[in-house]
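Below, read A as the first sequence line, B as the second, and so on, with proteins coming before strands; counting in each chain starts at 1. Atom set for the values below is all heavy atoms of this structure, side chains included, hydrogens, waters and symmetry mates excluded. This one's a predicted model, so the numbers in the text were calculated from it and none came from an experiment.
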Number of protein chains: 2
Amino acid sequence: MDQSIWIDKLKEKGLKATQQRLAILEVLVEENFPLSAQNIFSKLRRNNPNLRLSTVYRTLNSFVEKKIVRKLDLIDKESFFELLSGEHHHHLICMKCGEIIPIDCPLKDYEEELIDNTDYTIIDHRLKIYGICPRCR
Amino acid sequence: MDQSIWIDKLKEKGLKATQQRLAILEVLVEENFPLSAQNIFSKLRRNNPNLRLSTVYRTLNSFVEKKIVRKLDLIDKESFFELLSGEHHHHLICMKCGEIIPIDCPLKDYEEELIDNTDYTIIDHRLKIYGICPRCR
DNA sequence: CCCTTATTGCAAATGATTTGCATCACTGGA
DNA sequence: TCCAGTGATGCAAATCATTTGCAATAAGGG
Ligand SMILES: [Mn+2]
Ligand SMILES: [Mn+2]
Ligand SMILES: [Zn+2]
Ligand SMILES: [Zn+2]
């Protein structure tokens, strides 16, 4: 991973480019997949014995706020986080094995309609589809 | 509320028609709106001083399992529960005042497409749209 | 009305996430 | 390159919604 790009991006957003933040970004980039705070923490603790889970949470929260990362509630309790890069999309989740597949967003036109019907300003939306994958079926 | 209908419905699903369950159903029916466990608990505790929040949770969970009620994660942390009655729908949420508006489900065709593309068995889905209502804007 | 069993009251535990505070490490400027 | 100021982190403790264990209670079929 080219750190300098991320260092710039962090500074741009008013965040200091700390070791911890860069390490967390690195995991998010190379996995390129929704991960929990605990997931990220486990991966990094090996080489960073005194990294704390609270730091991971604080980092992810600031990334969400700065729109570097998106927070997802795919299954009950644990939240997942994924890098905001590439196409806007949603997720199809296998309820047996937990596989997560990205899916296209079908809501463009629907949102236009909604604006007309409700006079709301639309800011964001969340869509998750739950099913059983072919292997688990 | 006509209790006998609900008593029958509960028995049909293999649940005993207890005072607590009927009271919780009554709140859900008359509010006809997503409510948190705490919401329901507060409303009922006035007349039921020894109803417990844990009972409300246990009841709601069994209702979800028996498909009498649907659990929604509209905002962070607290879950909401709404009676499964009327049209299948989703929600538009005002991020300022918390207003919740039911909206039609636009996903029928999209799900067909998904089945073809992914070979998943689709079981359920969740859609929430966040915005600002005209009054808050 | 009684017996069996599900359900509740109650209190304690859980588990993800947050927070307070002292210390540390970035970063922009000297 | 060094320094001061401020934001970030380590660490431990707190929060808060939700769950759970267990003994006591109340449905409801017979
Ligand atoms: Mn994704
Ligand atoms: Mn609704
Ligand atoms: Zn699967
Ligand atoms: Zn509003």
Side-chain angles (χ1 to χ4, degrees), chain A residues 3-4 6-27 34-42 44-66 68-81 98, chain B residues 3-4 6-25 27 34-42 44-66 68-81:
Chain A
Q3 295 219 145
S4 69
W6 289 107
I7 293 176
D8 291 348
K9 183 150 195 167
L10 289 174
K11 290 188 180 171
E12 213 171 88
K13 307 252 183 184
L15 298 175
K16 286 186 178 174
T18 65
Q19 296 307 309
Q20 294 88 333
R21 285 173 177 164
L22 291 170
I24 290 168
L25 278 173
E26 189 163 4
V27 171
L35 297 172
S36 68
Q38 179 64 61
N39 278 341
I40 296 170
F41 176 65
S42 304
L44 290 175
R45 195 146 216 216
R46 299 172 201 154
N47 312 309
N48 268 40
N50 49 9
L51 173 68
R52 300 290 138 161
L53 188 51
S54 58
T55 298
V56 176
Y57 275 110
R58 274 195 273 232
T59 297
L60 290 171
N61 287 340
S62 63
F63 285 179
V64 168
E65 196 175 334
K66 292 304 198 299
I68 297 169
V69 147
R70 183 163 65 135
K71 182 178 184 178
L72 306 170
D73 298 306
L74 300 181
I75 55 176
D76 236 77
K77 46 188 87 240
E78 231 180 349
S79 292
F80 287 77
F81 299 83
Chain B
Q3 296 219 147
S4 70
W6 289 106
I7 292 176
D8 291 348
K9 183 151 196 169
L10 289 174
K11 290 188 180 170
E12 211 172 90
K13 307 254 183 183
L15 297 176
K16 287 186 177 173
T18 65
Q19 296 308 308
Q20 295 86 333
R21 284 174 178 162
L22 291 170
I24 290 168
L25 278 173
V27 172
L35 297 171
S36 68
Q38 180 63 62
N39 278 341
I40 296 170
F41 176 64
S42 304
L44 290 174
R45 193 143 217 219
R46 299 173 202 153
N47 312 308
N48 268 40
N50 49 7
L51 173 69
R52 299 291 138 161
L53 187 52
S54 59
T55 298
V56 176
Y57 274 111
R58 273 195 274 232
T59 297
L60 290 171
N61 286 341
S62 63
F63 286 178
V64 168
E65 197 176 335
K66 292 301 199 296
I68 296 169
V69 147
R70 184 162 65 136
K71 183 179 184 177
L72 307 170
D73 299 305
L74 300 181
I75 55 175
D76 235 77
K77 47 187 85 240
E78 233 180 348
S79 291
F80 287 78
F81 299 85

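Between A37(B) and L15(B), the one whose closest nucleotide on DNA chain D sits nearer the 5' end is A37(B). Residues Q19(B) and T59(A) both approach DNA chain D. Their nearest nucleotides, taken by heavy-atom distance, put T59(A) toward the 5′ side.
Closest to the Q20(B) side chain, of the nucleotides dG10(D), dA6(C), dT8(C), is dT8(C). Of all nucleotides listed (dT8(C), dT18(D), dA8(D)), dT18(D) comes nearest to the side chain of E78(B). Closest approach to the S54(A) side chain among dT17(C), dA12(D), dA8(D) is made by dA12(D) (side chain taken as heavy atoms from C-beta onward). The listed nucleotides are dG28(D), dT9(D), dT19(D); the one nearest the side chain of A17(B) is dG28(D). Here the side chain of K11(A) is nearest to one of dA17(D), dG28(C), dT18(C), namely dG28(C).
The phosphate of dA8(D) (OP1 or OP2) has no side-chain N or O of T55(A) nearer than 4.0 angstrom. The phosphate of dG7(D) has neither OP1 nor OP2 within less than 4.0 Å of any side-chain N or O from T18(A).
Rounding to whole angstrom units, CG of residue L10(A) and C1' of dA25(C) are separated by 15 Å. Regarding L74(A), its CG atom lies at a distance of 16 Å from the P atom of dA16(C), rounded to whole Å. Taking atom OH of Y57(A) as the reference point, atom P of dA12(D) lies 18 Å away to the nearest angstrom. Taking atom CD1 of I75(B) as the reference point, atom P of dA17(D) lies 10 Å away to the nearest angstrom. Rounded to whole Å, the distance from CG on N48(B) to C1' on dG9(C) is 12 Å. In this structure, L53(A) places its CG atom 13 Å from P of dT9(D), rounding to the nearest Å. Whole-Å rounding puts the K77(A) NZ to dA17(D) C1' distance at 10 Å. Between N61(B) atom CG and dA6(C) atom P there is a gap of 18 Å when expressed in whole angstrom units.
Using a 4.0 Å heavy-atom distance criterion, Q38(A) is classed as making no nucleic acid contact.
Side-chain atoms of R21(B) come within 3.5 Å of backbone atoms of K16(B) as a donor-acceptor pair (strictly under, hydrogens ignored).
In the interface, the side chain of R58(B) is paired with the base of dG21(D) through a donor and an acceptor atom under 3.5 Å apart. Contact annotation: side chain of K16(B) to base of dT5(C), donor-acceptor pair present below 3.5 Å.
The side-chain hydrogen bond (donor to acceptor under 3.5 Å, both in side chains) test with S42(B) singles out one residue from R45(B), R46(B), Q38(B), and that residue is Q38(B).
Side-chain contact annotation: S36(B) with E78(B), donor-acceptor N/O pair under 3.5 Å present.
At least one side-chain heavy atom of W6(B) sits less than 4.5 Å from a side-chain heavy atom of I68(B). In this structure, the side chains of N39(B) and F81(B) stay at 4.5 Å or more apart for every pair of heavy atoms.
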